[in-house]
Amino acid sequence: MLGIKLICVGKMREKYYIEAFEEYRKRLGAYCRLECVELAEQRLSDNPSSGEIAAALEREGAEILRNIPADAFCVALCVEGKERSSEDFAALFRERELSGKPKLCFLVGGSYGMSETVKGRADLKLSMSKMTFPHHLARVMLAEQIYRAFKIGEGSRYHK
């Protein structure tokens, strides 16, 4: 069974995001071992300088890197990543299952993104869209797309 770890900066507090994520977590239990790690988002001043933001991203990045399993294929969600169709995303799961390294790790940064160091560690940079989304919503969307990938893999009617 595929092991999937989500490493996310920031704690979800909005009930609607939590409920949506938990629904997909429950559904994914039949397909994979899902772990979600929430890391603290660095506090910044009301009007942070670019240096303050960069320093915060590096601190968050160090914590992200500590949590990435050494043997996992690592996917960073970032704006400069490559967009993929749901079918292409599902193919990534099949590749990992057949690779002998059946662990996937997805990285979701905080409201200012993630450090270049973390992006450099990623085996794949993935963009969900050219649009900008709140990072908590991106986590819910990622969980749904992971679920969709498994449903595509089994030939389900979920993906039409």
### Query
Quick one: side chain to side chain donor-acceptor pair (under 3.5 Å) pairs with a partner in residues 18-31, sequence neighbours left out?
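Sorted pair list: Glu22-Arg25, Glu23-Lys26, Glu23-Arg27, Tyr31-Lys151, Tyr31-Glu154.
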### Message
Please check this pair: side chain of Glu41 against backbone of Ser111, looking for a donor-acceptor N/O pair closer than 3.5 Å.
### Response
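At least one qualifying donor-acceptor pair exists.
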### Query
Heavy-atom distance under 4.5 Å between the side chains of Met114 and Leu107, does that happen here?
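Yes, close enough: below the 4.5 Å cut-off.
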### Query
Mind checking whether Lys5 and Cys36 have side chains closer than 4.5 Å, heavy atoms only?
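Lys5 does not reach Cys36 side chain to side chain.
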### Query
For Met131, does the CE atom have more than 12 heavy-atom neighbours from other residues, nucleotides or ligands under 6.0 Å away?
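No, CE of Met131 has 12 or fewer neighbouring heavy atoms, counting only those of other groups under 6.0 Å.
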### Pairs meeting criterion salt bridge (charged side-chain N to carboxylate O under 4.0 Å, His left out) with involvement of residues 88-98, two or more places apart
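Found none.
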### Message
Any donor-acceptor pair under 3.5 Å linking the side-chain atoms of Ser86 with those of Gln145?
### Response
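Per modelled atom types, Gln145 and Ser86 side chains form a pair under 3.5 Å.
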### Query
Going by distance alone, is a donor N or O of one side chain under 3.5 Å from an acceptor N or O of the other, for Ser129 and Glu83?
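Side chains of Ser129 and Glu83: no pair found under 3.5 Å.
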Who pairs with [X] by side chain to side chain donor-acceptor pair (under 3.5 Å), at least two apart in sequence or on another chain?
X      : value
Arg33  : none
Gln42  : Arg59
Ser156 : none
Tyr112 : none

Interatomic spacing from [atom1] in [X] to [atom2] in [Y] - rounded to 0.5 Å:
X     : Y      : atom1 : atom2 : result
Glu58 : Ile64  : CD    : CD1   : 10.0 Å
Ile4  : Leu28  : CD1   : CG    : 6.5 Å
Met12 : His136 : CE    : NE2   : 7.5 Å

### Message
Any salt bridge linking Arg121 with Asp123? Criterion: basic side-chain nitrogen under 4.0 Å from a carboxylate oxygen.
### Response
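The answer is yes: the pair qualifies as a salt bridge.
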### Task
Apply salt bridge (Lys or Arg N to Asp or Glu O under 4.0 Å) to Glu116 and list each qualifying residue two or more places apart in sequence or on a separate chain.
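So Glu116 forms a salt bridge (Lys or Arg N to Asp or Glu O under 4.0 Å) with Lys119.
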### Query
Considering residues at least two apart in sequence or located in another chain, which fulfil the salt bridge (Lys or Arg N to Asp or Glu O under 4.0 Å) criterion with Glu144?
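So Glu144 forms a salt bridge (Lys or Arg N to Asp or Glu O under 4.0 Å) with Arg148.
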### side-chain hydrogen bond (donor to acceptor under 3.5 Å, both in side chains) between Glu80 and Ser127, intermediate numbers included
CA-CA 7 Å; Glu80 65 272 22; Ser127 173; over 6 Å; no
### Message
Tell me which pairs pass ring-ring contact (aromatic ring centres under 6.0 Å, His included) where either residue lies in residues 75-97, with sequence neighbours left out.
### Response
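Checked against ring-ring contact (aromatic ring centres under 6.0 Å, His included) - neighbours excluded - the pairs reaching residues 75-97 are Phe89-Phe93, Phe89-Phe106, Phe93-Phe150.
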### Contacts of type ring-ring contact (aromatic ring centres under 6.0 Å, His included), residue Tyr16, not counting sequence neighbours
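If we apply the ring-ring contact (aromatic ring centres under 6.0 Å, His included) test to Tyr16, skipping adjacent residues, there are no hits.
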What side-chain donor-acceptor pairs closer than 3.5 Å can you find for residues 65-77, not counting sequence neighbours?
from: Arg66; atom 1: NE; to: Glu63; atom 2: OE1; distance (Å): 3.2
from: Arg66; atom 1: NH2; to: Glu63; atom 2: OE1; distance (Å): 2.5
from: Asn67; atom 1: ND2; to: Glu63; atom 2: O; distance (Å): 2.8
from: Asp71; atom 1: OD1; to: Lys103; atom 2: NZ; distance (Å): 3.4
from: Asp71; atom 1: OD2; to: Lys103; atom 2: NZ; distance (Å): 3.2

### Heavy-atom pair of closest approach, residues Val118 and Gly61
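Closest pair (atom of Val118, atom of Gly61, distance): CG2-CA, 3.4 Å.
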### Under the side chain to side chain contact (heavy atoms under 4.5 Å, CB included) test, residues paired with Ser50 that sit two or more places apart
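So Ser50 forms no side chain to side chain contact (heavy atoms under 4.5 Å, CB included) with any residue.
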